[in-house]
Amino acid sequence: MRPFLLQFARQCLSPGRGVQDPDYIYDESVDMVRWLGNPERPPAIKMHGQSGPMTKKNDIEKSDDNKDRRMWR
Amino acid sequence: MIMILSNKWDVTVDFVVAELQSRHIEFLRVNTEDLIKGCATVSLPDFRIRVSKRDKIHDITQKINVIWNRRPGKPFDDFPKDQRPSEAVQSFVNDQWYSLLEAIQLIPNITWVNDPKANDAAENKIRQLFIASKIGFEIPETVITNDPEHAKYLLNRHNKNAVTKALYSPLIEEPEKDYFIFTNTIRELNQIPEEDIRISPTIFQQALIPKFDYRITVIGEKVFSVRIERKDGANLDIDWRTEKRDIDFIQQKLPPDIEKLCCRYVQECNLLFGAIDLVEHKGEFYFLEINPNGEWGWLQKPHNVPIAEALCDLLVYYDKRLNTA
């Protein structure tokens with residue numbers, strides 16, 4: 001017995017399993033993530049020419065809201 | 001003061017932080033997974049909640065007027081998997097912290113974006129469709145059922161042209177792998193063992209094909225609408241999230257009556273923020289669902305939808321409103 005929706009399940013990377021990208025650090029002094037790929041360590045959100053920082057959950061950055069469970073659950 | 005409850009890797013928050021800093025607005029960002037290395041104390045009967053950040057103690061009962069409730073981190077998020085305690089102990093620790101942070105809701109006169117209870121209620125997909133229909137949105141014909149006969153009836157009513165999706169949280173986390181269930185078209189159920197349908201209720205809906213997908217972000221009374229299109233102009237998959245790399249998000253204003261309905265919907269749910277999914281099918285707009293705490297960072301950059309600015313406006317409005325009261 002198996003919920004029939006499972007036949008449609010596609011493999012993904014859950015938030016709990018993603019490995020932190022070492023090219024990013026959190027800077028407490030500015031409350032933002034910085035990108036280490038540039039000597040100036042710019043805020044990750046200001047990286048030019050990028051589609052946006054992919055710090056960890058790189059297959060749920062875009063609208064995969066349902067992978068974030070209700071707060072704390 | 002504005003407080004942001006999230007986790008350090010929630011880079012969507014960074015857009016708002018950058019905007020608040022550019023406006024020289026004071027705020028307190030609490031990455032809740034860090035509290036495990038700092039401290040948090042609730043005192044009674046003289047009710048106070050104090051949290052630490054960078055060796056400073058903040059009395060949030062006194063200072064905070066508005067809270068942006070984003071993605072609070074869990075205590076062991078920063079620990080490598082092999083250094084975490086057992087699942088049972090993690091669950092115990094999570095629950096203790098959840099209960100403490102829940103007490104923030106006891107502080108009077110705080111505006112929440114969004115109120116946690118209203119946010120939770122708005123996650124229920126049945127409630128979402130019920131409210132949408134009640135206030136005047138068109139919605140697809142839907143059954144939520146574990147009865148194969150009811151599901152087949154809907155399929156037959158729509159010439160075997162239906163979609164199916166999970167009622168709640170389509171993420172499945174097995175010990176070694178994770179899976180996600182997108183919305184899928186379904187034409188036939190006769191080959192499915194009945195017990196596989198009866199085991200849990202599932203959403204079955206009329207398929208609205210052909211369609212154009214829209215993502216609507218509502219912030220207070222501001223509405224940001226993007227139309228979702230494939231770069232090659234072909235029709236989108238039934239669930240556009242399966243083709244993220246091949247799509248564009250085009251800012252496009254909604255018809256005024258639909259825009260008003262989106263605003264009204266968020267208000268009806270006692271929310272200040274909501275991310276609504278609509279489709280346009282044969283000239284009509286249909287409500288599909290709302291993500292009350294939906295993601296939007298991917299719209300800010302690279303698509304330049306000014307959601308961070310609008311959120312800052314909202315947070316500052318509610319902070320100032322209480323400061324001058």
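For the numbers below, each heavy atom of this structure counts, side chains included, while hydrogens, waters and symmetry mates do not.
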*Would you say B:Lys301's side chain and A:Met47's backbone share a donor-acceptor pair under 3.5 angstrom?*
yes
*Please confirm whether the backbone N or O of A:Met32 pairs with a side-chain atom of B:Asp14, one donor and one acceptor, at under 3.5 Å?*
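A pair under 3.5 Å: no.
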Looking only at heavy atoms, what is the nearest atom pair of [X] and [Y], with distance?
| X | Y | result |
| --- | --- | --- |
| B:Ile199 | A:Arg2 | CG2-C, 4.4 Å |
| B:Val17 | A:Asp31 | CG1-O, 3.7 Å |
| B:Asn184 | A:Phe8 | ND2-CB, 3.2 Å |
| B:Ala18 | A:Ile45 | CB-CD1, 3.9 Å |

*Less than 4.5 Å apart, any side-chain heavy atom of B:Asp34 and any of A:Glu28?*
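They are in side-chain contact.
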*Are B:Lys8 and A:Val33 close enough that some pair of their side-chain heavy atoms sits under 4.5 Å apart?*
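Counting from C-beta outward, B:Lys8 and A:Val33 never come under 4.5 Å.
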*Identify which part of A:Pro3 has an atom lying under 4.5 Å from any heavy atom of chain B, answering side chain, backbone, both or neither.*
both
Kindly check if the number of other-residue, nucleotide or ligand heavy atoms within 6.0 Å of [atom1] ([X]) is above 12?
| X | atom1 | answer |
| --- | --- | --- |
| B:Glu188 | CD | yes |
| B:Lys56 | NZ | no |
| B:Asp82 | CG | yes |

Spatial distance of atom [atom1] ([X]) from atom [atom2] ([Y]) [nearest 0.5 Å]:
| X | Y | atom1 | atom2 | value |
| --- | --- | --- | --- | --- |
| B:Phe180 | A:Arg10 | CZ | CZ | 10.5 Å |
| B:Thr202 | A:Leu5 | OG1 | CG | 4.5 Å |
| B:Trp9 | A:Ile25 | CH2 | CD1 | 7.5 Å |
| B:Glu174 | A:Gln11 | CD | CD | 10.5 Å |

Interface moiety of [X] toward chain A, non-hydrogen atoms closer than 4.5 Å:
| X | result |
| --- | --- |
| B:Asn146 | neither |
| B:Ile186 | side chain |
| B:Lys165 | backbone |
| B:Leu299 | neither |
| B:Phe27 | side chain |
| B:Thr185 | backbone |
| B:Gln21 | side chain |

*Best-contacting candidate, B:Arg198, B:Glu195, B:Arg54, B:Lys53, against chain A by heavy atom pairs under 4.5 angstrom*: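 Going by pairs under 4.5 Å, I would pick B:Arg54.
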*Kindly assign one of parallel, tilted or perpendicular to the pair B:Phe204 and A:Phe4, based on the angle between their ring planes and the thresholds 30° and 60°.*
parallel
*Considering residues at least two apart in sequence or located in another chain, which fulfil the salt bridge (charged side-chain N to carboxylate O under 4.0 Å, His left out) criterion with B:Asp248?*
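B:Asp248 satisfies salt bridge (charged side-chain N to carboxylate O under 4.0 Å, His left out) with no residue once adjacent residues are dropped.
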